[in-house]
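Here is how names work: the chains are called A, B, and so on, in the same order as the sequence lines, proteins then strands, and each is numbered from 1.
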Number of protein chains: 2
Amino acid sequence: MAAPRRTTLHDVAQEVGVSAKTVSRVLNGDGPTSAQTREKVLAAVERLGFQPNLMARNIRTGGPDTTVGLIIPDMGNPFFGTVARGIEDAIRERGLTLLMGSSADDPDRERALITTFLARRVSALMVAPTARADHAHLRTARSSGMPVVFLDRPGAGLTADCVVSSNRAGGREGTAHLIAGRHRRIAFIGDRPVGLFTRRERLAGYREALEAAGLPYDRSLVVDGHTQAEAAEATVRLLRRAEPPTAILAANNLSAMGTVLGLARAGRRDIALVSFDDLPFAEVLEPAITAVAQDPAAIGAAAAELALARLDGDRTRARTVTVPTRLIVRGSGELPPGT
Amino acid sequence: MAAPRRTTLHDVAQEVGVSAKTVSRVLNGDGPTSAQTREKVLAAVERLGFQPNLMARNIRTGGPDTTVGLIIPDMGNPFFGTVARGIEDAIRERGLTLLMGSSADDPDRERALITTFLARRVSALMVAPTARADHAHLRTARSSGMPVVFLDRPGAGLTADCVVSSNRAGGREGTAHLIAGRHRRIAFIGDRPVGLFTRRERLAGYREALEAAGLPYDRSLVVDGHTQAEAAEATVRLLRRAEPPTAILAANNLSAMGTVLGLARAGRRDIALVSFDDLPFAEVLEPAITAVAQDPAAIGAAAAELALARLDGDRTRARTVTVPTRLIVRGSGELPPGT
DNA sequence: TTGAAAGCGCTAACAG
DNA sequence: CTGTTAGCGCTTTCAA
């Protein structure tokens with residue numbers, strides 16, 4: 001039992017006894033059609049279960065496809081998942097569909113996805129770029145009219161629209177909050193690679209806050225904790241030092257989760273913590289976690305808005321939209337330094 | 001400055017001085033080609049920045065498009081995000097790309113996405129169906145050879161492959177764990193609607209465990225907590241009763257988060273809790289949360305495997321794959337009933 | 001108000 | 001080893 005050929009516009013036309021073009025007119029509501037034929041056509045469409053082939057349509061009309069390509073590091077990460085959802089909700093209203101892929105922080109995989117998306121003639125491309133990727137190769141595509149928006153971090157080798165959190169201000173604010181609690185040895189647990197935009201910016205904010213308070217910058221207090229496990233270990237090691245920190249700024253959600261875990265393992269409830277990026281359980285933990293909250297849905301919405309404006313003909317120069325972070329004080333940041 | 005027309009196969013052919021078909025042969029490696037022409041063609045492809053139009057190719061070859069349609073309730077939900085990632089990783093190896101959308105638990109939105117995906121001639125369709133959706137309309141598409149796989153819950157009106165967690169066994173095991181701790185009044189906090197497959201199954205497991213232990217089933221101990229806020233309130237209300245429960249089985253991750261929140265608000269650390277679906281902070285909380293863990297990545301992988309097998313010609317009857325859950329004992333389930 | 005012809009970018013089928 | 005012709009399913013263009 002071979003799969004039956006799917007019914008086409010012609011099948012419908014034949015069924016009704018009109019030309020294919022007439023069916024097309026009825027379905028797309030362009031040319032004029034008599035009420036009679038319209039009715040007959042619609043009935044036949046229903047009867048045969050006809051579904052127009054969007055790709056065939058597209059190839060003829062020549063424009064870009066009604067899809068938007070989106071590349072994020074990992075779909076399982078709720079931060080990026082929520083960004084994606086924000087994008088989807090915004091482009092849905094324009095009848096656009098998401099073509100999605102995870103780069104897994106691998107530049108080659110990212111590159112492969114971009115190639116595929118371009119081959120599919122996406123209307124726009126949105127990428128949370130991996131650290132080592134180069135995007136110069138996107139120039140041709142963009143100069144032929146396809147909007148490119150970078151998410152969370154700017155791309156390399158290509159000036160394009162970009163949506164980021166207020167990383168530096170957030171890092172500064174979170175650190176200042178700890179300093180206000182009279183902490184003087186504040187560790188920074190960051191992700192990798194060290195050159196990663198978000199890490200760099202948040203670290204810069206951390207340093208600005210130290211400087212503003214006249215505190216020295218101690219490089220040895222800046223450690224790596226890219227995964228939850230790594231951050232937990234890093235935390236434990238920090239606390240074993242001769243001169244341990246009394247407070248920690250965790251530079252992203254995974255680092256923060258690991259830090260919480262590490263503190264729990266070390267049995268330390270006297271270490272202050274501020275997490276960059278809010279955590280699902282922040283208010284249930286004891287102490288509740290003070291966080292520099294990002295707004296991933298707003299990031300997605302802003303990215304979509306930028307791209308749609310470009311599709312509508314906006315030819316102004318590339319913009320960077322900064323979505324503000326918000327310090328949510330809950331308690332973990334206010335533990336007094338135990339000296 | 002109008003957008004320049006994108007370069008086509010013909011442009012490349014002309015540039016080199018061969019026919020379009022020759023370029024096609026070089027690029028797709030089907031027919032034989034001399035090393036010389038191949039080289040010249042590839043150089044021209046590079047020079048002109050040619051990218052083949054996948055949709056045009058597709059329309060000619062006639063088969064389904066090299067995309068897979070995936071519909072989940074919410075991309076921001078890490079459970080479904082991880083399922084999606086599992087699917088993506090599996091289909092990538094076959095050169096398939098994900099077309100994705102969120103149903104937002106709205107049957108109409110789900111239906112619209114399905115229609116779009118069918119119009120795009122996806123190779124396969126994977127859906128975590130909304131509670132009230134009907135899928136009879138998918139029969140035509142499926143009988144024309146397109147695999148359909150339901151995720152997390154079976155679809156309605158259509159017998160198709162399906163991948164679910166061992167909901168009933170998990171519910172039973174989680175409840176039995178509480179009973180083993182000598183609890184006799186165990187509440188069930190579930191999501192909505194009441195008819196939702198996962199809720200029904202988990203509740204059935206809960207009842208089986210009660211029955212096996214000779215405990216009565218008390219309907220008043222089964223309450224709704226679909227969102228985190230709702231579950232928190234439900235928990236507080238439960239504990240205010242004349243005869244409060246001494247233990248709680250939370251039927252999904254949101255309910256569990258809310259329950260934890262409710263317990264914290266009520267200042268009750270003496271209520272035992274088992275969460276269906278593991279929580280990111282489970283081991284950091286005090287007490288650490290005992291969970292019936294699901295395996296979303298495995299669910300995604302299994303779904304992809306089913307769909308790919310169908311694409312490879314598997315015509316056996318529809319299967320339901322059950323991905324086992326795993327009880328992770330951490331402490332919260334072993335609080336003794338305080339009488 | 002409708003139809004016929006041509007063609008979007010690509011490949012199948014045949015020829016050379 | 002390469003080119004030609006035809007046509008995928010649809011829409012544009014022009015004519016009736």
Quick one: is A:T37 getting a side-chain N or O under 4.0 Å of the C:dT2 phosphate, OP1 or OP2?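 Affirmative; the distance criterion is met.
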Taking only the side-chain nitrogens and oxygens of B:S24, find out if one of them lies under 4.0 Å from OP1 or OP2 of C:dT11. yes
Is the closest basic N to carboxylate O distance between A:D314 and A:R319 below 4.0 Å?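 Looking at A:R319 together with A:D314, the answer is yes, because their closest N to O distance falls below 4.0 Å.
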Using a strict threshold of under 4.0 Å (side-chain N to carboxylate O), is an ion pair present between B:R109 and A:E88? yes
Give a yes or no on this: more than 12 heavy atoms of other residues, nucleotides or ligands lie within 6.0 Å of atom CZ of B:R132. no
Greater than 12 external heavy atoms within 6.0 Å of B:E305's CD: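 For B:E305, atom CD is not crowded (no more than 12 foreign heavy atoms under 6.0 Å).
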Rounded to the nearest 0.5 Å, how far does CD of B:Q51 lie from OG1 of B:T8? 13.0 Å
Any chance you could measure B:F80, atom CZ, to B:L70, atom CG, to the nearest 0.5 Å?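 The distance works out to 10.0 Å.
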Taking [atom1] from [X] and [atom2] from [N], how many angstroms apart are they, rounded to a whole number?
X: B:R25; N: C:dA13; atom1: CZ; atom2: P; result: 13 Å
X: A:D65; N: C:dC8; atom1: CG; atom2: P; result: 19 Å
X: B:L9; N: C:dG9; atom1: CG; atom2: C1'; result: 8 Å
X: A:K21; N: C:dT2; atom1: NZ; atom2: P; result: 12 Å
X: A:D30; N: C:dT1; atom1: CG; atom2: C1'; result: 13 Å
X: A:H10; N: C:dA5; atom1: NE2; atom2: P; result: 12 Å
X: A:N58; N: C:dG9; atom1: CG; atom2: P; result: 12 Å
X: B:M55; N: C:dC10; atom1: CE; atom2: P; result: 11 Å

Using a distance-only criterion (donor-acceptor N/O pair, under 3.5 Å, no hydrogens), is the base of C:dG7 paired with the side chain of A:R60?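 Result: at least one qualifying N/O pair found.
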With each end axis built from five pairs of C1' atoms, what bend angle do you get for the helix from C:dT1-D:dA16 to C:dG16-D:dC1? Round to 10°. 40°
[Y] backbone acceptor or donor facing [X] side chain under 3.5 Å:
X: A:D105; Y: A:T130; value: no
X: B:S24; Y: B:A20; value: no
X: B:R153; Y: B:P129; value: yes

Is B:T61 touching bases, backbone alone, or none of the nucleic acid, heavy atoms closer than 4.0 Å? sugar-phosphate
Contact class for B:N28 vs. all strands (heavy atom < 4.0 Å): base, sugar-phosphate, or nothing? sugar-phosphate
Between which nucleotides of DNA chain D, read 5' to 3', does contact with chain B run, using atoms under 4.0 Å from its heavy atoms?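 Contact boundaries, 5' end first: D:dC1 to D:dC8.
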Give the nucleotide from the list C:dT11, C:dC8, C:dT1 with an atom nearest to the side chain of A:S34. C:dT1
Among C:dG9, C:dA6, C:dA4, which nucleotide sits nearest the side chain of A:S19? C:dA4
Does B:A35 or A:Q51 map to a spot on DNA chain D nearer the 5' end, using the closest nucleotide for each?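 Nearer the 5' end of the strand: B:A35.
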Tell me the salt bridge (Lys or Arg N to Asp or Glu O under 4.0 Å) pairs involving residues 53-77 of chain A, sequence neighbours left out?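 The answer is A:D65-B:R120, A:D74-B:R85.
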